[in-house]
Amino acid sequence: MYLSAFHLMPHRELPDDFEKRYPSVWVTPPFHELADAKRVGQYYNWTFDELIAAAQAGADGICTNEHHQNAYGFMPSPNLMGSVLARATNGMDCAIVQMGASLPATQPPLRIAEEYAMLDAISGGRLVAGMPLGTSMDINICYGVTPIEQRERFREAHDLIVKAWTAREVFPWNGKYHQLPMVNLWPRPIQQPHPPIWIPGSGSTSTFHYTAEHDYCYCYLSYFGYKVAMHSVDRYWDVCRQKGRDSNPYRLGFLQLVGISNTDQQAERDYARHVEYFYHKLLHIPAEWMGIPGHQDYQSLSNALRNPLALKAFTTLKEKRYKDFLNDRYVICGSPATVRDSLQDLVERLRVGNLMLLLHIGSMPHELALRNIELFFREVAPALRPKWDDEWENRWWPAGLRKKALQGATA
Amino acid sequence: MTEVTDRPVTVWQNKINANVKVGGSGSPVVFLHGAGGLFWDEFLETLAGNHTIYAPEHPGTTAGDPDAVAHLDNLWDLVLYYDELLSGLGLRGVPVIGHSFGAMMAAELAANNPERVSKLILMCPIGLWREDIPVANWMTLTPASDMPKLLLHDPDGPLAKQMFGVPDVDAQIRMIWCGACTGKFVWPIPDKGLKKRLHRIQAPTLVIWGKQDRLVSPMYAQEFATRISGARVEVVEQSGHLLTAEYPARVAGTIEEFLGVGT
């Protein structure tokens with residue numbers, strides 16, 4: 001089991017009545033009414049400190065991602081974040097997991113090949129190359145990409161990036177969306193033929209197929225916990241089987257919100273309001289904006305509307321309170337023993353090898369985030385770590401950071 | 001009721017099987033639908049009394065063939081596709097009526113190949129852009145609240161309840177996918193250079209607008225009229241963007257009158 005710390009870099013201090021006063025946390029929230037540039041600088045630095053603290057506490061990886069025009073998580077350039085993190089964690093056995101730069105919105109996508117190669121070089125070969133399609137809000141509304149072209153643009157960008165990393169000769173790229181006369185990437189990644197590739201997603205059928213076909217790791221970014229995700233994840237494993245892939249649990253990543261205190265009661269006192277802030281304010285988005293027409297292909301759209309489990313989970317968030325989020329396992333909070341048991345259940349049920357923990361949640365202050373990180377890696381992580389490693393190798397992890405025990409056993 | 005048949009036409013190097021709804025009797029008229037999809041409604045039914053209506057389904061919006069739109073990369077492809085499709089139907093020098101997105105396509109078609117279109121009827125067309133009256137982004141609307149307000153004169157009336165009331169999953173999928181397939185050619189701003197091409201239109205042109213169109217302001221009517229030689233503007237009172245649903249007989253009557261002159 002590999003355990004990484006994920007960070008969204010959210011606005012931590014939105015007003016109490018935010019979701020009543022404003023129509024959306026994404027695309028339209030007015031910066032000058034809601035934020036202060038100097039204070040935002042503090043958020044970025046807290047985010048760095050929290051992720052670096054996770055690395056020091058023993059996280060296998062630290063993860064950042066890309067979003068635009070929002071208070072939910074505003075790292076428009078994850079590679080700026082990754083660059084600082086790579087430098088700060090040199091010498092540690094910690095992967096820089098970029099979840100990552102959005103392929104369809106980066107022009108030309110060669111820029112991602114270059115920046116990821118830089119990150120791999122700076123980190124000494126510790127990069128995990130996430131290749132997200134991006135949300136509809138980010139890519140279609142904020143960045144103007146035509147929704148029905150998003151997937152095709154993603155695929156072309158992926159092919160271009162991988163070719164740019166691996167080609168030995170200068171080549172011309174005559175794509176549908178990009179034409180480049182002479183491609184010759186500088187620098188090249190340390191990891192050969194290229195860094196491991198993860199595809200983050202939220203359950204689209206076509207992304208399952210794409211990931212399995214390419215033998216990558218599918219990284220399920222869900223906020224609704226494993227009970228809602230189960231049905232969808234089972235379909236992913238079906239697709240892997242259909243495509244003749246083995247059942248290596250490291251083919252799957254999963255994101256989980258976690259809060260740890262000494263007791264379950266203390267956890268409620270510590271985390272309830274931050275959890276509610278997260279679900280009520282940071283996910284305050286018109287449902288229609290999650291899928292501008294064309295963002296999902298016809299089959300995925302049809303599946304999503306006919307099995308509206310995830311959609312229903314999303315549209316009923318404001319009816320739920322901390323206890324509901326806890327009972328429905330959207331969040332896993334409690335004493336170390338409670339969290340351990342629930343995570344073991346999650347890991348077993350989903351068959352997940354690459355677990356990502358969101359240990360800073362919503363409005364959580366810096367000190368509480370640091371304590372949560374420390375408690376997780378000290379009190380919970382040791383019990384989870386041995387899982388899967390007697391049988392499976394994490395082929396989707398930087399080779400230099402794979403667990404020594406397994407390398408010894410298979411040598 | 002008019003008998004409406006589905007006529008398949010193979011176009012675009014046989015890659016697209018276009019479906020054209022054909023019905024009525026009399027001289028031919030082409031109808032190009034908007035972003036919401038094609039419905040054989042009372043408006044078309046009324047027109048079909050005196051004309052044979054040819055109403056193509058936009059590529060990708062025909063049931064069972066959602067990926068047909070993948071063969072057309074951009075607006076240039078789409079204009080030539082429609083030109084080919086009308087050739088396939090044997091329609092040269094034919095009146096073309098379009099609504100909203102379909103009206104923009106009708107204008108593009110008439111500008112690209114002026115001989116193709118004998119008369120042009122543009123109902124609430126998109127295709128132009130003024131900073132002071134931006135066209136609302138219909139692809140980001142919520143059916144429950146924004147849509148009735150922007151599309152209908154009376155957002156609380158019985159028509160609004162009928163059109164946007166209880167969501168049926170199949171209808172929802174159809175509507176979203178129609179938006180996806182038409183939006184492919186106009187996202188994110190429906191200004192793709194039509195203003196540079198409108199002067200090429202030679203067909204007598206009627207521009208019809210709902211006075212309370214809150215999606216595309218009726219102020220655009222004059223923008224079209226000044227760029228198309230001899231174009232006439234009709235504004236329909238107490239009517240929104242979906243004027244053919246609000247006043248099918250009245251709008252069909254205005255069109256009939258226009259088609260009757262000089263034919």
Side-chain angles (χ1 to χ4, degrees), chain A residues 23-24 26-28 68-69 104-105 134-153 155-156 174-179 204-206 284-309 311-312 314-315, chain B residues 34-37 58-78 101 129 134 136-150 164 167-192:
Chain A
S24 177
W26 220 300
V27 183
T28 54
H68 302 273
Q69 289 182 206
T135 71
S136 199
M137 290 83 74
D138 292 317
I139 309 300
N140 307 136
I141 305 182
C142 300
Y143 268 36
V145 170
T146 302
I148 205 171
E149 291 178 351
Q150 189 170 345
R151 259 160 223 282
E152 206 177 33
R153 280 180 178 273
R155 287 169 193 195
E156 182 178 326
N174 180 21
K176 179 170 166 183
Y177 299 104
H178 311 282
Q179 292 187 319
S204 275
T205 319
S206 53
H284 176 54
I285 305 160
E288 287 77 12
W289 288 5
M290 307 290 285
I292 297 295
H295 172 72
Q296 288 181 303
D297 60 28
Y298 187 81
Q299 198 53 54
S300 296
L301 168 71
S302 190
N303 291 345
L305 288 184
R306 288 184 205 288
N307 308 296
L309 206 59
L311 184 66
K312 187 152 182 288
F314 181 77
T315 53
Chain B
H58 179 81
T61 69
T62 298
D65 193 13
D67 295 326
V69 72
H71 299 293
L72 301 166
D73 287 349
N74 49 41
L75 185 61
W76 178 225
D77 283 357
L78 186 63
F101 173 84
W129 185 265
N137 192 330
W138 64 93
M139 284 171 74
T140 61
L141 299 182
T142 57
S145 56
D146 301 342
M147 264 190 194
K149 269 184 270 173
L150 285 158
F164 304 105
D168 161 82
V169 173
D170 287 314
Q172 235 180 319
I173 294 172
R174 187 188 139 109
M175 189 186 70
I176 293 172
W177 195 246
C178 282
C181 293
T182 49
K184 175 168 184 174
F185 303 94
V186 285
W187 182 269
I189 306 279
D191 174 11
K192 304 298 169 194

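Worth saying up front: this structure is predicted, and the values here are computed from it rather than measured. Numbers restart at 1 for each chain; the letters A, B, ... are given by sequence-line order, proteins then strands.
The shortest non-hydrogen separation linking B:Val169 to A:Leu305 is CG1-O, 4.0 Å. Closest approach of A:Leu301 to B:Trp177, counting heavy atoms only: CD2-CE3, 4.2 Å. Scanning both residues, B:Met139 and A:Pro147, for their nearest heavy atoms gives CE-CG, 4.1 Å. Contact between A:Pro293 and B:Gly179 at its shortest, heavy atoms only, is CB-C, 3.8 Å.
Open room surrounds NZ on A:Lys312; 12 or fewer heavy atoms of other groups in view lie less than 6.0 Å from it.
Side chain of B:Trp187 to main chain of A:Ile148: no donor-acceptor pair is present (N/O by atom type, distance under 3.5 Å, no hydrogens or angles).
In terms of heavy-atom pairs under 4.5 angstrom with chain A, the leader among B:Asn137, B:Asp170, B:Thr182 is B:Asp170.
With contacts defined as side-chain heavy-atom distances shorter than 4.5 Å, the pair A:Val27/B:Thr140 does not qualify.
Taken to the nearest 0.5 Å, the NE2 atom of A:His295 stands 12.0 Å off from the CD1 atom of B:Ile176. If you take OH on A:Tyr177 and CG on B:Asp73, they are separated by 6.5 Å, rounding to the nearest 0.5 Å. In this structure, CG in B:Asn74 is found 8.5 Å from CD in A:Glu149, a value given to the nearest 0.5 Å.
Residue B:Val69 touches chain A through its side chain alone, counting heavy-atom pairs closer than 4.5 Å. Contact of A:Gln296 with chain B is made through the backbone alone, with heavy-atom distances under 4.5 Å. Of the two parts of A:Val145, only the backbone, made up of N, CA, C and O, holds a non-hydrogen atom closer than 4.5 Å to a non-hydrogen atom of chain B.
Every residue was checked against the salt bridge (charged side-chain N to carboxylate O under 4.0 Å, His left out) condition with A:Glu156, not counting sequence neighbours, and none meets it.
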### Derivation and outcome, side chain to side chain contact (heavy atoms under 4.5 Å, CB included), residues B:Leu141 and A:Glu288
CA-CA 7 Å; B:Leu141 299 182; A:Glu288 287 77 12; over 6 Å; no
